[in-house]
Structures are given as C-alpha cells and as structure tokens.
Amino acid sequence: MGEGIVNQNVIISLSIAGGNAKGASFLTIKAAKVKYFKEAELKLTEADRFLAQAHNAQTDMLTKEANGEHAQMCLLMVHAQDHVMTAITFRDLAGEIVELYKRIEDK
C-alpha cells in the first residue's frame with residue numbers, strides 16, 4: 001500500500017517540477033527576446049530551483065531502490081521522467097538563447 005502512495009507522490013512531484021522548470025525556461029527566452037536580461041537570469045534561476053526539486057525526488061527514489069525498496073514502474077512514472085528530461089533540455093537551450101540575445105545586444 002505505502003509503495004503505491006510513494007510512487008504517486010514522486011510522479012506528481014516530477015511532473016510538477018518538470019512543468020514548472022520548462023515554463024520558467026520559456027519565460028526566460030521571452031524576457032531575453034525583449035532585452036530584459038535580469039528577468040531572464042531570474043527565470044533561469046527559478047528553472048534551476050524546480051529542476052533541483054525534481055532531482056531530489058529522483059534521488060530519494062534511487063536511494064530507496066539501492067536500499068532494496070524496489071519501485072513499481074508504470075507508464076505514468078516514465079511520462080513524469082520524460083517531463084523532467086524535456087525540462088532539462090529546454091532549460092539548457094534557454095540559457096544558450098539568453099547568451100545569444102546578449103551577444104546580439106552587445107553588437
């Protein structure tokens with residue numbers, strides 16, 4: 001019984017954190033596009049904070065796995081992990097796009 005609840009909590013945590021990180025990354029790009037670079041940096045930091053939350057949820061799950069508490073894998077867990085991976089990629093690209101907009105502004 002407890003294992004199912006933990007999985008649901010992890011799934012929800014990963015999905016929310018991934019979605020929030022991707023959203024903050026998207027706002028990063030929008031801010032940089034209109035030359036609000038301080039706002040863009042704040043949004044990148046926000047995205048990083050959400051990704052740290054996802055990382056903590058994953059680490060807790062991995063620690064339990066290493067201690068012999070095997071998690072039940074389901075399609076929802078895979079989907080939640082996909083949200084996080086997409087958010088990480090989006091955040092990385094947002095950081096690069098900010099740098100590009102800064103270079104354009106400097107010229």
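Only a predicted model underlies this, so the values are computations on that prediction, with no experimental measurement involved. The analysis underlying the following values was restricted to heavy atoms, covering all of them including side chains, and did not include hydrogens, waters or symmetry mates.
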message = When you group the ILVMFWY residues by side-chain heavy-atom contacts below 4.5 Å and let the links chain together, are V84 and V10 in the same group?
response = yes
query = Is there any salt bridge (Lys or Arg N to Asp or Glu O under 4.0 Å) pair reaching into residues 23-39, and which pairs are they, with sequence neighbours excluded?
reply = K35-E105
ask   = Any chain of hydrophobic side-chain contacts (each under 4.5 Å) joining M73 to L62?
value = no
message = Could you see if I88 belongs to whatever hydrophobic cluster contains M77? Use Ile, Leu, Val, Met, Phe, Trp, Tyr and a side-chain cutoff under 4.5 Å.
response = yes
ask   = For H55, which residues count as a ring-ring contact (aromatic ring centres under 6.0 Å, His included) partner, sequence neighbours excluded?
value = none
message = Looking at every heavy atom in both A57 and S13, which two are closest together, and how far apart are they?
response = CB-CB, 4.2 Å
remark   = Sorted by chain and residue number, the side-chain contact (heavy atoms from CB on, under 4.5 Å) partners of S15 (sequence neighbours excluded) come out as I11, A80, H83
ask   = Counting distance only, does the side-chain N/O of D82 pair as donor-acceptor with the main-chain N or O of V78 below 3.5 Å?
value = no
note = residues 15-44 vs ring pair (Phe, Tyr, Trp, His ring centres under 6.0 Å), sequence neighbours excluded, gives none
request  = Provide the full list of salt bridge (Lys or Arg N to Asp or Glu O under 4.0 Å) pairs with a residue in residues 41-50, sequence neighbours left out, each pair given once.
outcome  = E41-K102, K43-E46, D48-R91
note = I29 and F90 have their tightest heavy-atom pair at CD1-CE2, 4.1 Å
message = What's the separation between atom CG in N56 and atom CG in L14, rounded to the nearest 0.5 Å?
response = 10.5 Å
remark   = For A94 and L44 the tightest heavy-atom approach is CB-CD2, 4.2 Å
query = Out of curiosity, does L51 fall in the hydrophobic cluster containing V98 (side-chain heavy atoms, cut-off under 4.5 Å, transitive links)?
reply = no
note = With sequence neighbours left out, the residues meeting side-chain hydrogen bond (donor to acceptor under 3.5 Å, both in side chains) with E65 are H70
ask   = How far does CD1 of I104 sit from CD of E99, to the nearest 0.5 angstrom?
value = 11.5 Å
